[in-house]
Structures are given as C-alpha cells and as structure tokens.
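A short write-up of the structure that comes next.
For clarity, every value in this text was computed on a predicted model and none was experimentally measured. Because only heavy atoms are used, hydrogens play no part in the values below, and waters and symmetry mates are left out as well, while side chains stay in.
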Amino acid sequence: MDLQPSAGPAQEWAIRGKEFERELNALPDHFRHAFNLVLIDGLTYDEAAHICGCALGTIKSRVNRASNHLAERIMW
C-alpha cells in the first residue's frame, strides 16, 4: 500500500479561500463591487443597482460576468 500525504479539510478550504479571494480581487472594480453587493452582502439586484447608480440589467450582467470569471478561474 502506497500512502500519500494529503491536506486535511481545513487546509484545503483555506487554500481554496485564498484562491477565491485572489481571483475576486483580480476582477475589475465594477464587477467585484456588484458581486459583493449581491452575492456576499445579500442585497437584491434592485438595491445594488441603486447603490451603483446603474440599470438593473447592468447589475445582473456584472454579477453574471463576475461569477463566470470566478467559475472559470478557480479549480474546485
């Protein structure tokens, strides 16, 4: 039997958290801000659009693009 060392669950999540944070910070400001307002802070798209001073569709697009970027860049 060949035993291989492995990272425990806590270490794995810490690594994934750092990857997520790095990629989130690499987003353009307007994408990151929209993503944070809706998906991190839990605001509605309407509330986020009001805060950002843009149309509802613009916020939805920014959150979608940010989510897609993160999904493509982070290897889960």
Side-chain angles (χ1 to χ4, degrees):
M1 179 193 279
D2 187 22
L3 299 175
Q4 297 291 322
S6 65
Q11 291 173 324
E12 180 71 20
W13 282 108
I15 292 167
R16 296 298 180 205
K18 288 179 183 178
E19 285 179 287
F20 176 80
E21 185 176 3
R22 181 184 67 242
E23 291 301 330
L24 184 63
N25 288 331
L27 290 170
D29 289 341
H30 57 285
F31 288 159
R32 184 176 57 253
H33 189 55
F35 183 91
N36 283 336
L37 289 172
V38 175
L39 298 177
I40 304 294
D41 297 339
L43 299 180
T44 66
Y45 286 106
D46 285 325
E47 291 168 326
H50 178 73
I51 289 170
C52 293
C54 63
L56 177 63
T58 301
I59 283 295
K60 288 181 177 183
S61 175
R62 289 177 182 177
V63 171
N64 184 55
R65 288 178 185 209
S67 297
N68 287 339
H69 172 83
L70 293 171
E72 290 172 2
R73 305 286 267 171
I74 298 173
M75 302 304 280
W76 297 101

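Scanning all heavy atoms of the two residues, the minimum distance from Ala66 to Leu27 falls at CB-CD1, 3.8 Å. Across every non-hydrogen atom of Phe35 and Val63, the tightest pair is N-CG2, 4.1 Å. Between Ile59 and Ala49, the shortest heavy-atom distance links the atoms CG1-CA, 3.4 Å.
Applying the side chain to side chain contact (heavy atoms under 4.5 Å, CB included) test to Asn64 and every residue at least two apart in sequence or in another chain returns Asn68. In terms of the side chain to side chain contact (heavy atoms under 4.5 Å, CB included) criterion, residue partners of Asp29 (sequence neighbours excluded) are, by chain and number, Arg32.
In this structure, Arg22 CZ and Leu70 CG are separated by 11.0 Å, a value rounded to the nearest 0.5 Å. With values rounded to the nearest 0.5 angstrom, Asn36 atom CG is found 13.5 Å from Phe31 atom CZ. Between atom CD1 of residue Ile74 and atom CZ of residue Phe20 there is a gap of 6.0 Å, rounded to the nearest 0.5 Å. Note that the NE2 atom of His33 and the CD1 atom of Ile51 stand 6.5 Å from one another [nearest 0.5 Å].
No continuous path of hydrophobic side-chain contacts links Leu37 to Ile40 [ILVMFWY only; heavy atoms under 4.5 Å].
Between the side chain of Ser61 and the main chain of Gly57, no donor-acceptor pair closer than 3.5 Å is present.
Every pair passing salt bridge (charged side-chain N to carboxylate O under 4.0 Å, His left out) that includes a residue from residues 51-75 is listed here, sequence neighbours excluded: Glu23-Arg73. For residues 41-50, the set of pairs meeting the salt bridge (charged side-chain N to carboxylate O under 4.0 Å, His left out) definition, not counting sequence neighbours, is empty.
Glu19 and Arg16 are joined by a salt bridge, as a carboxylate oxygen and a charged side-chain nitrogen come within less than 4.0 angstrom of each other.
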